[in-house]
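What's counted below: heavy atoms across the whole structure, side chains too, no hydrogens, waters or symmetry copies.
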Protein chains: 2
Amino acid sequence: MPKKVDHEARRQEISEALWRIASTRGLDGASLRDVAAEAGISLGRLQHYFRTKDEMLVFALQHINRLAAGRIRERIESLDQEPTPRAVLRACLSGMLPLDDKSRIGLLVGAAYYARAVHDPALRAEAQHGIPQLRAFFADQLRRAAERGELSPERATEDEAMLLISAVDGLATYVLLGVHEPQDALRMLDLKLAHLFGDAGEGVEGQERVKGREGAGR
Amino acid sequence: MPKKVDHEARRQEISEALWRIASTRGLDGASLRDVAAEAGISLGRLQHYFRTKDEMLVFALQHINRLAAGRIRERIESLDQEPTPRAVLRACLSGMLPLDDKSRIGLLVGAAYYARAVHDPALRAEAQHGIPQLRAFFADQLRRAAERGELSPERATEDEAMLLISAVDGLATYVLLGVHEPQDALRMLDLKLAHLFGDAGEGVEGQERVKGREGAGR
DNA sequence: GTTATAACCGTACGAGCGACTTGTAAAAGC
DNA sequence: GCTTTTACAAGTCGCTCGTACGGTTATAAC
């Protein structure tokens with residue numbers, strides 16, 4: 001037999017090439033030839049690792065979801081030990097906004113997948129997958145906050161968690177559309193959290209101030 | 001000269017055929033031949049009214065935006081004269097949820113357009129267009145509510161309006177993905193409004209109860 | 001009645017697509 | 001050292017796409 005190759009690693013490299021193309025041209029605009037070229041390999045080689053385009057698409061979605069979950073975990077762990085539930089929530093939610101190029105690309109890819117997942121059952125199953133988990137995690141954080149007396153108990157619900165996710169998702173959507181800037185979205189996220197946690201304009205705590213770059217043109 | 005044909009009407013008919021296809025297969029899945037067949041006309045005829053596919057896409061987006069604006073206006077006018085700002089907001093926001101087949105298709109088409117607008121400047125301009133207007137309108141309703149003492153004045157802001165739009169947009173997104181049901185989204189919208197207007201579980205007013213169809217499988 | 005022209009229809013073209021097949025090199029197993 | 005198996009490369013197939021174009025019909029204008 002020939003040299004053994006790490007299939008998983010190759011597939012991940014190809015997935016990342018796919019994202020780069022999908023984030024600028026969409027999933028339909030990413031032909032196998034384009035992806036192969038972007039990954040610096042031949043079409044034949046790509047087809048050696050993915051027998052069909054759908055197979056590649058599904059794998060790349062699973063991979064990006066895995067990475068996203070990892071990024072969220074990292075963000076939480078980068079907080080001080082014993083962070084407040086509110087700090088955890090803010091870290092996760094702001095991670096869902098396109099505040100840097102990496103998450104911006106991730107969101108663009110996610111948008112491309114969403115548009116296809118709405119019609120494609122195979123992709124839909126994957127795309128749905130993470131949300132209930134995320135909602136449950138957020139709801140748990142809300143409950144912890146309520147126990148600590150930082151949140152009104154009747155707001156520590158799954159519905160409230162889903163509203164949080166939805167709002168941030170919508171904010172991100174409109175950043176990508178160019179309706180407002182990333183820092184505007186972050187400001188509104190903080191506003192939302194402030195209302196949820198019942199701050200009454202007393203100067204928001206537990207988070208760094210948004211810095212600079214005010215009128216920076218798009 | 002031959003008979004004069006109402007170009008605008010023909011173009012609208014074609015647009016509607018496009019929506020039907022785009023809502024089930026996406027914009028890339030809607031070929032000119034498919035659209036022509038759906039509209040019951042020949043490819044040649046479609047090309048007589050739209051010289052390129054892009055021209056058709058832009059027109060159809062403008063048309064659906066126009067219709068959506070009209071639907072919102074209708075919804076407001078169908079309320080009693082002198083409706084409360086809160087009732088106006090609820091009417092508009094629930095109109096943004098996929099509660100019936102018509103709005104569901106509209107949202108699917110919107111999603112398909114969004115995915116393309118993110119890359120395509122021409123479509124982006126059209127897709128962005130309505131949001132600031134809607135935000136301003138909502139902010140105005142919030143201000144009116146504050147004047148009437150139904151809302152804390154410091155929450156009558158453009159940011160709050162944008163948060164409202166974002167939340168409902170996100171809720172709709174996840175309905176289309178199949179994460180939750182339309183009536184769940186409506187319930188969370190009402191929850192959001194209740195918090196915004198400072199209800200404290202005292203039984204929500206000014207809106208009909210959501211009826212039946214509880215465990216209806218998807 | 002002639003003419004000009006809008007309103008079509010049908011077809012064809014060139015490009016690009018995903019999928020498939022065949023060919024080749026090389027290393028692991030015996 | 002021969003065989004087997006993996007890892008590719010390259011070419012090709014049938015199809016669909018957006019676009020272009022030539023031809024036909026019908027009617028309004030004169």
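The closest side-chain heavy-atom distance from B/Arg155 to A/His195 is below 4.5 Å. Looking at A/His180 and B/Met162, their side chains come closer than 4.5 Å, going by heavy atoms from C-beta outward.
The shortest heavy-atom contact between A/Tyr113 and A/Ala60 is OH-CB, 3.3 Å.
When the C1' atom of D/dT19 is taken as reference, atom CE of B/Met56 falls 13 Å away, rounded to whole Å. Atom CG of A/Asp34 and atom C1' of C/dG16 are 10 Å apart (whole Å). The CG atom of A/Asp54 sits 16 Å away from the P atom of C/dC17 (whole-angstrom rounding). At whole-Å resolution of the value, CG in A/Leu27 and C1' in C/dG18 are 15 Å apart. One atom, NZ of A/Lys53, and another, P of C/dC20, lie 15 Å apart when rounded to the nearest Å. Rounded to an integer number of Å, the gap from B/Leu46 CG to C/dC8 P is 12 Å. Protein atom CG of A/Asp6 is 14 Å distant from nucleotide atom C1' of D/dA7, rounded to whole Å. Across the protein-nucleic acid pair, B/Ile21 atom CD1 and D/dC17 atom P stand 10 Å apart, rounded to whole Å.
At the phosphate of D/dA7, OP1 or OP2 sits under 4.0 Å from a side-chain N or O atom of A/His48. Using a 4.0 Å cut-off, some side-chain N or O of B/Tyr49 falls inside it from OP1 or OP2 of C/dC8. Using a 4.0 Å cut-off, no side-chain N or O of B/Ser31 falls inside it from OP1 or OP2 of D/dT16. Remark: A/Arg10 is not in phosphate contact with D/dA7, judged by side-chain N or O atoms under 4.0 Å from OP1 or OP2. At C/dA7, one or more side-chain N or O atoms of B/His7 fall inside 4.0 Å of OP1 or OP2 (strictly under the cut-off).
Checking D/dT19, D/dA9, C/dG18 against every side-chain atom of A/Arg45, the shortest atom distance belongs to D/dA9. Distance from the side chain of B/Gln47 is smallest for C/dG10 among the nucleotides D/dC8, C/dG10, C/dC8. For B/Val5, the side-chain atoms get nearest to C/dC8 when compared with the rest of D/dT19, C/dC8, D/dC8.
You'll find a donor-acceptor pair under 3.5 Å spanning the side chain of A/Arg33 and the base of C/dG18, going by distance alone.
Between A/His7 and A/His48, the ring planes are tilted. Angles from 30° to 60° get that label.
Residue A/Arg73 qualifies as open at atom CZ: its count of foreign heavy atoms under 6.0 Å is 12 or below.
Within 4.0 Å of B/Leu43, counting heavy atoms only, lies at least one base atom of the nucleic acid. Within 4.0 Å (heavy atoms only), B/Leu32 reaches at least one base atom of the nucleic acid.
Each of A/Gly44 and A/Gly29 was assigned the nucleotide of DNA chain C with the nearest heavy atom; the assignment lying further toward the 5' end belongs to A/Gly29.
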